Asks: 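Sharing a structure here in structure tokens format.
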Protein chains: 2
Amino acid sequence: MARPGNPKEKIMATAGRLFYEQGYNATGINQVLEEAGVAKASLYTHFGSKEELGLAYLKEARMQWFAAITAVVEQKTDPEDRLLATFEFLEKQLPLQHFKGCRFINMLAEIGDAQPEMQQQVLEHKRKLRRYLHQLLIAIPGQAAAGTADTIYLLFEGAIVESKIYKEIWPVKTAKKTVKRLISMD
Amino acid sequence: MARPGNPKEKIMATAGRLFYEQGYNATGINQVLEEAGVAKASLYTHFGSKEELGLAYLKEARMQWFAAITAVVEQKTDPEDRLLATFEFLEKQLPLQHFKGCRFINMLAEIGDAQPEMQQQVLEHKRKLRRYLHQLLIAIPGQAAAGTADTIYLLFEGAIVESKIYKEIWPVKTAKKTVKRLISMD
DNA sequence: ATAATAATAGACAAATTTGTCTATTATTAT
DNA sequence: ATAATAATAGACAAATTTGTCTATTATTAT
């Protein structure tokens with residue numbers, strides 16, 4: 001079961017996969033260790049506890065998620081195409097991940113007020129996404145934004161969550177269609 | 001810790017509260033028993049396992065949730081008011097529940113493909129909600145529906161999820177405003 | 001009143017979970 | 001080459017988890 005990379009990276013990769021596939025609480029540290037092919041002490045020297053591993057997971061996921069979505073958006077030059085590319089990102093990504101939904105929303109459902117740092121990571125991730133969509137919208141000439149940016153944000157988030165529930169892509173397509181309609185209204 | 005009702009009802013009430021507040025996996029059977037003031041054997045005669053209790057919880061929650069939302073909708077007679085009343089239901093309900101979000105989406109984040117019956121309950125709950133919103137929309141004269149009903153559904157769901165993340169009510173207000181705008185377009 | 005049923009307290013088991021610690025081996029830097 | 005550092009295997013502990021079982025008590029129906 002040896003995997004490429006140093007023990008810390010192996011733990012991060014395996015935990016990232018298992019937390020997403022099975023959930024944070026349903027994944028034991030022993031399974032992570034076993035599938036990563038790494039000694040238990042390595043986990044506790046690099047991360048102090050399971051909770052810190054969970055926090056590291058969220059931080060890593062934030063970075064990777066934004067890297068992935070911006071990479072797709074930056075392939076486009078037209079402002080409208082750039083906004084719509086965020087939904088095309090979902091259309092490609094969600095089926096590839098077997099409609100497991102959003103890592104952050106999933107984690108938030110599992111943790112409580114006893115883990116404020118994790119809650120904070122989720123909140124900051126979503127704030128950043130909200131700002132990002134807002135920026136993409138106001139880059140389109142003649143878009144006053146106002147409530148429209150938040151509507152787009154709600155549709156984006158709704159699309160992720162519902163495609164998880166139905167394990168179908170129509171929520172993303174519907175959201176994208178509505179966004180097109182909204183930005184052609186003003 | 002004696003609570004009103006027979007043991008089965010006490011377990012349902014306590015599990016319903018704890019699963020929602022703490023999450024399903026984070027809530028042990030012993031805590032449910034202790035807070036319900038009920039013997040362990042009572043749980044295992046009425047429900048065969050924790051998983052069956054989880055399933056009963058979802059079924060009960062489905063019933064109660066629809067009873068609550070339809071009660072609010074049925075106070076209105078004007079079709080447009082009836083559709084908007086669903087968002088007013090959220091505006092009232094979510095803060096009262098301290099923005100814990102949707103019981104079904106929360107549960108879905110915790111369970112995997114090993115619990116298909118629970119997944120099915122979530123799916124059927126959401127299908128029913130989707131149909132319900134569709135019906136409320138097409139009752140408004142001059143509404144062709146088409147994709148609009150699903151857009152409203154996505155905004156409704158997005159509003160629940162995001163108000164949980166931000167612990168603020170603006171997502172519901174934004175969603176409601178957009179729905180008003182959408183139905184006055186055609 | 002009495003018999004049948006339901007519920008209780010709580011011991012117990014088996015498995016699992018997070019986390020620590022030790023002795024040994026491998027890797028890296030000088 | 002050698003010393004310092006990193007990683008390993010795995011025993012061990014303490015707590016927790018789900019679930020079973022027993023002997024006793026309370027409730028309900030006749």
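Order of the sequence lines fixes the chain letters, A, B, ..., with proteins taken first and strands second; residue numbering starts at 1 for each chain. Nothing here was measured: the structure is a model prediction, and the numbers come from that model.
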Asks: Between C1' on C/dA26 and CG on A/N6, what's the gap in Å once rounded to a whole number?
Replies: 15 Å
Asks: Hey, is A/K176 close enough to A/E88 for a salt bridge, meaning N to O under 4.0 Å?
Replies: yes
Asks: With side chain to side chain donor-acceptor pair (under 3.5 Å) as the test, pick out the partner of B/Q121 among B/R62, B/K126, B/K59.
Replies: B/R62
Asks: Could you check which nucleotide pairs with D/dA13 in any of the strands shown, counting Watson-Crick or G-U wobble with both distances under 3.5 Å?
Replies: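 WC or wobble partner is C/dT18.
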Asks: Choose from C/dT8, C/dT18, D/dA9 the nucleotide whose nearest atom is closest to any side-chain atom of A/A41.
Replies: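 Looking only at heavy atoms from C-beta outward on A/A41, the closest nucleotide is D/dA9.
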Asks: Kindly state which residues belonging to residues 46-61 of chain A come within less than 4.0 angstrom of DNA chain C, counting heavy atoms of the residue only, listed by number.
Replies: A/S49, A/K50
Asks: Taking any strand in view, what nucleotide pairs with C/dA23 in a Watson-Crick or G-U wobble way, both distances under 3.5 Å?
Replies: D/dT8
Asks: Please report the closest heavy-atom contact between B/V122 and B/F104, naming both atoms and the distance.
Replies: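 That would be CG2-O, 3.6 Å.
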Asks: Whole angstroms only, please: what is the NZ-C1' distance between B/K10 and C/dT8?
Replies: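 Computing the B/K10:NZ to C/dT8:C1' distance gives 10 Å.
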Asks: Which one, C/dT20, D/dA7, C/dT8, comes nearest to the side chain of A/Y44?
Replies: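 Selected nucleotide (nearest to the side chain): C/dT20.
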Asks: Send over the distance from A/L33 CG to C/dT16 P, rounded to a whole Å.
Replies: 16 Å
Asks: Should C/dT28 form a Watson-Crick or G-U wobble pair with both distances under 3.5 Å, which nucleotide is its partner?
Replies: D/dA3
Asks: To the nearest Å, give me how far apart CD1 (A/I29) and C1' (D/dA13) are.
Replies: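 One finds 17 Å between C1' of D/dA13 and CD1 of A/I29, rounded.
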Asks: Checking side-chain contact (heavy atoms from CB on, under 4.5 Å) for the pair B/L123/A/I165: CA distance, chi angles, key distance, verdict?
Replies: CA-CA 6 Å; B/L123 182 57; A/I165 293 171; 4.0 Å; yes
Asks: I need the CG-P distance between B/N30 and C/dC12, as an integer number of Å.
Replies: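 Rounded to whole Å, this separation is 16 Å.
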Asks: Between A/K173 and A/F87, is NZ or CZ placed under 6.0 angstrom from the six-membered ring centre and within 45° of the ring axis?
Replies: no
Asks: Rounded to the Å, how far apart are A/E34 CD and D/dG10 C1'?
Replies: 13 Å
Asks: Quick check on A/E117: does its CD atom have over 12 non-hydrogen neighbours (other residues, nucleotides or ligands) under 6.0 Å away?
Replies: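 Counting neighbours around CD of A/E117, 12 or fewer heavy atoms of other residues, nucleotides or ligands fall under 6.0 Å, so no.
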Asks: If I take atom CG in residue A/N25 and atom C1' in nucleotide D/dT17, what distance separates them, rounded to the nearest angstrom?
Replies: 13 Å
Asks: Ignoring hydrogens and angles, answer whether the base of D/dG10 and the side-chain atoms of A/K40 contain a donor-acceptor pair closer than 3.5 Å.
Replies: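 When only heavy-atom distances are counted, A/K40 does not reach the base of D/dG10 through any donor-acceptor pair under 3.5 Å.
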Asks: Please give, in whole Å, the distance from D/dT8 C1' to A/L43 CG?
Replies: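 About 14 Å, once rounded to whole Å.
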Asks: Look at the side-chain N and O atoms of B/S42 and state whether any lies under 4.0 Å from the OP1 or OP2 oxygen of C/dT8.
Replies: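 Answer yes for this pair, as a side-chain N or O of B/S42 is under 4.0 Å from OP1 or OP2.
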Asks: Compare every heavy atom of A/L154 with every heavy atom of B/E162, then report the nearest pair and how far apart it is.
Replies: CG-CD2, 3.6 Å
Asks: Strictly below 4.0 Å, heavy-atom distances to any atom of DNA chain D: list the hits from residues 106-121 of chain B, or just say none.
Replies: none
Asks: Compute the ring centroids of B/Y153 and B/H134, then answer whether they are less than 6.0 Å apart.
Replies: no
Asks: Check step by step if side chain to side chain donor-acceptor pair (under 3.5 Å) holds for A/E35 and A/T14.
Replies: CA-CA 7 Å; A/E35 295 196 19; A/T14 306; over 6 Å; no
Asks: A/Y20 and side chain to side chain donor-acceptor pair (under 3.5 Å): which single residue from A/R103, A/H98, A/Q97, A/K100 fits?
Replies: A/Q97
